[in-house]
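Some notes on the structure that comes next.
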Amino acid sequence: MKITVDRAKCEGYGKCVEAAPKVFKLDEKFISVVSDPKGDTDQKILLAAKICPTKAIILEEEETGKRIFPLP
Ligand code: SF4
């Protein structure tokens, strides 16, 4: 799964870090970055994306690039 954090949308709430601490971390500007895209299960990563209040986490299928979350 390809994980992208939209830095313009992230407001540093850290919910994603709480949900999947091995995958996301906050950088020095308190913006979420992906530290290890394989650090947790797809299920946990999807949960992290879903609880992000600003929908800043974009998930896509690795091979096809198909959008997994958020869907339009
Ligand atoms: S939950 Fe969303 S807004 Fe909060 S740090 Fe993570 S990506 Fe940023």
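Reckoned from all heavy atoms, side chains included, excluding hydrogens, waters and symmetry mates. Numbers here simply count residues along the sequence, with the first being 1. Indexing begins at 1, ligand by ligand and atom by atom, following the structure's order. Values in this document were obtained by computation on a predicted structure and should not be read as measured data.
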Please state whether the separation between atom 6 (Fe) of ligand 1 and some N/O/S atom of C16 is under 2.8 Å?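 Under 2.8 Å: C16 contacts atom 6 (Fe) of ligand 1 through an N, O or S atom.
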
Would a 4.5 Å heavy-atom cut-off, applied to side chains only, mark C16 and C52 as touching? no

Mark up the atoms of ligand 1 that fall under 4.0 Å of a heavy atom belonging to [X], in ascending order.
X   : result
T54 : 3 (S)
L26 : 5 (S)
C52 : 1 (S), 2 (Fe), 3 (S), 7 (S)
E11 : 3 (S), 8 (Fe)
I57 : 7 (S)

In this structure, atom 5 (S) of ligand 1 is nearest to the protein heavy atom G14 N, 3.1 Å

Taking NZ, NE, NH1 and NH2 as the nitrogens, is one of them in K38 or E62 under 4.0 Å from a carboxylate oxygen of the other? yes

Under 4.0 Å between a Lys/Arg side-chain N and an Asp/Glu carboxylate O for D27 and R7? yes

In a check of side chain to side chain contact (heavy atoms under 4.5 Å, CB included) between I3 and each of I45, D36, V33, I68, which one passes?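 Passing option: I45.
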
Apply side-chain contact (heavy atoms from CB on, under 4.5 Å) to the pair S35 and K25, showing each step before the final yes or no. CA-CA 6 Å; S35 56; K25 65 174 186 187; 4.0 Å; yes

Rounded distance (nearest 0.5 Å) linking atom CG of D6 with atom NZ of K55: 13.0 Å

Atom 2 (Fe) of ligand 1 contact by C10, N, O or S atom under 2.8 Å: no

